[in-house]
Amino acid sequence: MKVLTKEAFARAERHIMINARLIDRLRFAALFGDGTAGPVLAALRLYQNPDGGFGNALEPDLRGAGSQPEPVEVAFWTLDELDAFDDPMVPAACDYLSSVTTPDGGVPFVLPSVRDTPHAPWWQTPDDPPGSLVPTASIAGVLAAHGVEHPWLGPATAFCWERLAAVTETTPYEARAIVAFLERATDRERADREFARLREAISATVTYDPDAQGDVHFPYDFAPRPGRLPLFDDAVLDRHLDALIDAQRPDGGWGFNWPEWTPAVGPEWNGFITVARLATLRAYGRLSN
C-alpha cells in the first residue's frame, strides 16, 4: 500500500501556494496546516449574492456573477469540510434554492440566465428547465447529514426519492449525486434498499481501469472518504488510491480530465482538486505521518 510521502505533500503544498485561488489556499491551511475555519468562511461569503445563492465563479466553469444551483453545492461541500453548517450562509442559500425550485420539488441543473454570462459550453439548458438530481440530490444529502431544518429540504428530499425510483440506468455525474444522497439520507432502510437496486447501474458508470484517460470517474470520485454504502471492496479502493498517488504531477498538483475551455480555469480547478485529493488520501490513511 502506497502513501504520499512528506516530500510529495510538500510539492502539493507548493503547487497550491503558487496556483490556487485564495479560498482554496485557505481550505488547505484549515484542513492541513495551522489555519482555522474563519478565513475560509469569510472568503466563501464573498461568493454569495444578496439573493442567498452563490456565483462569481465559485464553480470555475460558471464565470458569471449571478447565482446558480451548482455553486450552492460547491459552497455546501466547503462547509461540510469545516463542519460549519451553523453559518448564516446556509439558510440564506436554502432560501435561494426555494426561489428557483421547480413545481416537482427539485432545482434545475442550470438556469437559463447562464446564457447571459461566460460559461463552459456544457452548461446548457432549455427555457423552462425541470428539476434535476444534479445537484438536488447532493445538496439534499449534505443538508440532511448536518441536521439542517429548512422548508426547502422536505420537498427536495421527496423529489429525490421519486426520481430515484424511476432510475434504471444513469450517467456518472447523476450516479455520484445519487450516491451522495443515499449515503446521507436519514431513512436508512429506504436508502439501503434503493442502493441495492441501483448498485449495478451505479457501478456501470465507474471507471475501474486506473490508467484510463479522458472523461473517466474513478472509485474515489464516488467515495472520496470511507462511507456506509458498500460501493467498492478494499482491493479496488487500494488499487485506485495507489494510482491516485502516482497521478500527482511533477508540479505537485493533480489535474482534471475535462476540457480547459479558457485559460483561467486551469489553475483554479487544479488548486481546488489538489486540496480535494489530499483530503481523500488523508481520509483513507494514505498520507505519511
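When reading the values below, keep in mind they use all heavy atoms of this one structure, side chains included, and skip hydrogens, waters and symmetry mates.
- At distances below 3.5 Å, at least one donor-acceptor pair connects side-chain atoms of Trp254 with backbone N or O atoms of Leu244.
- Placement of Ile178 and Leu229 within a single hydrophobic cluster is found when ILVMFWY residues are connected by side-chain heavy-atom separations under 4.5 Å, directly or transitively.
- Ionic pairing of Arg225 and Asp80 is present here: one or more N-O contacts between side-chain nitrogen and carboxylate oxygen are shorter than 4.0 angstrom.
- In this structure, the side chain of Thr205 does not engage the main chain of Ala201 through any donor-acceptor pair within 3.5 Å.
- Side chains of Glu174 and Ser132: no donor on one and acceptor on the other come within 3.5 Å.
- Ionic pairing of Arg286 and Asp238 is present here: one or more N-O contacts between side-chain nitrogen and carboxylate oxygen are shorter than 4.0 angstrom.
- Remark: the backbone N or O of Asp215 is not paired with any side-chain donor or acceptor of Asn257 at under 3.5 angstrom.
- The aromatic ring centres of Phe222 and Tyr208 sit 6.0 Å or more apart.
- Centroid-to-centroid, the aromatic rings of Phe76 and Phe85 come within less than 6.0 Å.
- Here the closest non-hydrogen pair linking Leu4 and Gln248 is CD1-OE1, 3.5 Å.
- No side-chain heavy atom of Phe181 sits under 4.5 Å from any side-chain heavy atom of Thr136.
- The shortest distance between side-chain heavy atoms of Glu13 and Phe32 does not fall below 4.5 Å.
- Residues Arg115 and Asp127 meet the side-chain proximity criterion, which asks for heavy atoms closer than 4.5 Å.
- If you check the side chains of Trp77 and Glu81, you find no donor sitting under 3.5 Å from an acceptor.
- With 3.5 Å as the limit, one finds a donor-acceptor pair spanning the side chains of His150 and Asp95.
- Annotation: side chain to side chain contact (heavy atoms under 4.5 Å, CB included) contacts of Pro151 (sequence neighbours excluded): none.
- Taking the six-membered ring where tryptophan is involved, the planes of Trp269 and Phe272 are perpendicular, since the angle between them exceeds 60° and thus also 30°.
- In terms of heavy-atom proximity, Val110 sits nearest to Gln68 at CG2-OE1, 3.3 Å.
- One finds no salt bridge joining Asp192 and Arg228 here, because no Lys/Arg side-chain nitrogen approaches an Asp/Glu carboxylate oxygen to under 4.0 Å.
- Of the listed residues (Phe218, Tyr284, Phe232), just one forms a ring-ring contact (aromatic ring centres under 6.0 Å, His included) with His240, and that residue is Phe218.
- Between Arg27 and Asp24, at least one side-chain N (NZ, or NE/NH1/NH2) sits under 4.0 Å from a carboxylate O, which counts as a salt bridge.
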Indicate every side-chain donor-acceptor pair of residues 35-60 with a distance under 3.5 Å to a residue at least two apart or in another chain.
unit_1: Arg45; atom_1: NH2; unit_2: Asp87; atom_2: OD1; d: 3.1
unit_1: Arg45; atom_1: NH2; unit_2: Asp87; atom_2: OD2; d: 2.6
unit_1: Gln48; atom_1: NE2; unit_2: Gly52; atom_2: O; d: 2.8
unit_1: Gln48; atom_1: NE2; unit_2: Met89; atom_2: O; d: 3.2
unit_1: Asn49; atom_1: OD1; unit_2: Asn56; atom_2: ND2; d: 3.3
unit_1: Asn49; atom_1: ND2; unit_2: Ala65; atom_2: O; d: 2.9
unit_1: Asn49; atom_1: ND2; unit_2: Ser67; atom_2: OG; d: 2.9
unit_1: Asp51; atom_1: OD1; unit_2: Gly53; atom_2: N; d: 2.8
unit_1: Asp51; atom_1: OD1; unit_2: Ser67; atom_2: OG; d: 2.8
unit_1: Asp51; atom_1: OD2; unit_2: Ser67; atom_2: OG; d: 3.2
unit_1: Asn56; atom_1: ND2; unit_2: Tyr47; atom_2: O; d: 3.1
unit_1: Glu59; atom_1: OE1; unit_2: Asp61; atom_2: N; d: 2.7
unit_1: Glu59; atom_1: OE1; unit_2: Leu62; atom_2: N; d: 3.4

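- Between Arg277 and Asp221 there is a salt bridge, since a side-chain N of the basic residue sits under 4.0 Å from a carboxylate O of the acidic one.
- Put simply, the side chain of Thr102 does not reach to within 4.5 Å of the side chain of Pro130, judged on heavy atoms.
- Between Leu198 and Thr170 there is no side-chain heavy-atom pair separated by less than 4.5 Å.
- Judged by distance alone, the side chain of Arg199 and the main-chain N or O of Pro230 form a donor-acceptor pair under 3.5 Å.
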